[in-house]
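Because the structure is predicted, anything quoted here is derived from the model rather than measured.
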Amino acid sequence: MVFYCQRHCYETKYTTKVVSCKPAKLDVVVDGKKKKVECFEVVFEDTIFFPEGGGQPDDRGLAGGVAVLRVERRKGEAAHYLAEPLEEGASVTQEVDWTRRHDHMQQHSAQHLVTAVADDMYGYATTSWYLAEAVSHIELNTDRMTEEEVAKVEEVANQKIREATPVSIREFEASDPNLKKIRTRGLPEDVVGPVRVVSIEGVDANMCCGTHVRNLADLQAVKLLRTEKGKAGRTLLFFVAGNRLLRYFGECVSRERQLNTLLHSSAADHIRLVEKNQKDLKTAQKSIKEALKDIAVFEAKTFLAQDPRPPVFFHHRRDGDTDYLNAIVNEMNDESILKVLTAGEDKGRGNLLVHGPPALVAQLGPRICELLEGRGGGKTRFSGKVARLGRRKEAEKYVMSVLNGPTAETEAAGDGRCE
């Protein structure tokens, strides 16, 4: 079936009757997590809402004043999922979200245009495409597309837009032999009724179920952003068109202004200054690393110089890292000395290193790691990532209980349980 939305792409309102309405459940994404919501599945005599298909997402809007959550195609009918029920047999007005619809029309028509130009100029056939929320892409049957080729395809596509090339839609019977001459990747098995062919005058004719602009001038312009390597020797070509291109350009201008302020420069100097800042940061990080190593050596020597020397070396450094802790162990170079070393902020993730007599390390390492809510492993050098460095005193108390005897160990272990 060809729906009203496919024959009248620019219409925003349509009145029709409710054929059926029944309770349903719908999978939706809320805060990045999937959940099922209670809703109602409604079928109308016809619809202004495009059901998802042909790489194009579904329309949204209102039906009888009720929010349309999703629209899916099921052979010859469209299933609408609504937040509230509608009375069967009732006449209702459907109102499409025009901003969403028009955006999809622009991106879909742009895809047809770019697909046709890339194929005609270089023989790069489109094997699939994806209409995303921000930037869409076409999958081309080639393992490489040069910058020069991308620029040429963009140039020709925009020339067709400037020429205000007409776009038309015709319907054919599935048995019509003329369909064999039409560019297509094949029709879905559940297609029912006439076959739609979308034609860009003098450029392309393609079987398609989607909604499209009536003239390429409605695209305003198309920008090919970049290419990426796809699967099985294919190339992904990313693009934006129409109002989406204007929004994309506006975001670029906004970022440019912010960078002007942050870098105290004009846009022409951004790359040079960022490269300089990266180089300076790398130098600073190297200096900090060397300084921390010197501090680690100092801390190790200071502990070794104590007389009498404590039975265990407890040490924590907020701005340290794994290399810093290892530097202390390597400088002391004495497996007979028990060392419990930590690095990182009290509130946040950090590092743990326990080194010393193998038997003690095997006994203490896992429990200390547990007290600090982390994970790790090792025999003579137990290392781990922990989440509660603020509980170091509990860990130290547990270690001393082990060193001082089994009775104290049992009491301390009880005090150190995770809450």
Side-chain angles (χ1 to χ4, degrees), residues 31-33 277-278 280-306 309-404 408-419:
D31 297 328
K33 296 182 179 179
N277 287 345
Q278 288 179 326
D280 291 346
L281 176 60
K282 189 174 182 179
T283 300
Q285 290 173 331
K286 183 178 179 180
S287 297
I288 291 172
K289 202 172 189 68
E290 291 174 351
L292 280 173
K293 185 176 180 181
D294 291 341
I295 293 172
V297 171
F298 171 79
E299 294 288 356
K301 289 182 176 179
T302 300
F303 176 81
L304 293 174
Q306 294 184 69
R309 185 188 299 165
V312 56
F313 182 25
F314 293 112
H315 179 71
H316 173 76
R317 187 169 186 84
R318 180 180 58 81
D319 57 350
D321 56 15
T322 303
D323 290 340
Y324 172 77
L325 302 183
N326 283 322
I328 292 177
V329 172
N330 294 337
E331 177 63 26
M332 296 179 76
N333 193 27
D334 191 340
E335 193 176 275
S336 67
I337 300 174
L338 178 62
K339 304 169 255 336
V340 180
L341 314 173
T342 53
E345 299 287 351
D346 284 355
K347 296 181 179 180
R349 299 192 65 80
N351 298 293
L352 165 70
L353 180 58
V354 182
H355 182 265
L360 271 177
V361 172
Q363 178 183 2
L364 299 174
R367 179 57 179 152
I368 297 172
C369 199
E370 179 184 353
L371 288 171
L372 301 182
E373 296 186 6
R375 291 183 177 182
K379 294 181 179 179
T380 58
R381 191 180 294 228
F382 183 100
S383 60
K385 297 288 185 181
V386 296
R388 294 285 297 275
L389 283 172
R391 300 182 67 177
R392 295 192 308 279
K393 291 300 180 183
E394 293 180 46
E396 292 177 12
K397 186 176 180 181
Y398 163 68
V399 171
M400 294 309 299
S401 73
V402 172
L403 297 180
N404 292 332
E409 174 189 347
T410 302
E411 295 175 357
D415 293 339
R417 290 194 185 98
C418 300
E419 298 177 0

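- With contacts defined as side-chain heavy-atom distances shorter than 4.5 Å, the pair V386/T342 does not qualify.
- A search for salt bridge (Lys or Arg N to Asp or Glu O under 4.0 Å) contacts involving E331 returns nothing, not counting sequence neighbours.
- Side-chain contact check for V354 versus L338: some heavy-atom pair is nearer than 4.5 Å.
- In this pair, F313 and F303 present their aromatic rings parallel. The plane angle is below 30°, not in the 30 to 60° band.
- Legend: side-chain hydrogen bond (donor to acceptor under 3.5 Å, both in side chains) pairs involving residues 343-354, not counting sequence neighbours, sorted by first then second residue: R318-E345, T322-N351, D346-R392, N351-K385.
- In this structure, H316 contributes its side chain and G344 its backbone to a donor-acceptor pair below 3.5 Å.
- Taking the charged nitrogens against the carboxylate oxygens, E396 and K393 do have a contact shorter than 4.0 Å, which makes a salt bridge.
- The CZ atom of R317 sits 4.0 Å away from atom CD1 of I295, with the distance rounded to the nearest 0.5 Å.
- For the pair D321/K289, a side-chain contact is recorded, criterion being any heavy-atom separation below 4.5 Å from C-beta on.
- Evaluation of the salt bridge (Lys or Arg N to Asp or Glu O under 4.0 Å) rule for D294 yields no partner, not counting sequence neighbours.
- The shortest side-chain heavy-atom distance between R381 and N326 falls under the 4.5 Å cut-off.
- Side chains of L364 and V340 form no contact here, defined as non-hydrogen atoms less than 4.5 Å apart.
- Using modelled atom types, no side-chain atom of K293 and backbone atom of D323 make a donor-acceptor pair closer than 3.5 Å.
- The shortest side-chain heavy-atom distance between L304 and R309 falls under the 4.5 Å cut-off.
- In this structure, F314 and V399 have side chains that are in contact, with non-hydrogen atoms separated by less than 4.5 Å.
- For E370 and R367, the salt-bridge test passes: some basic side-chain N is under 4.0 Å from an acidic carboxylate O.
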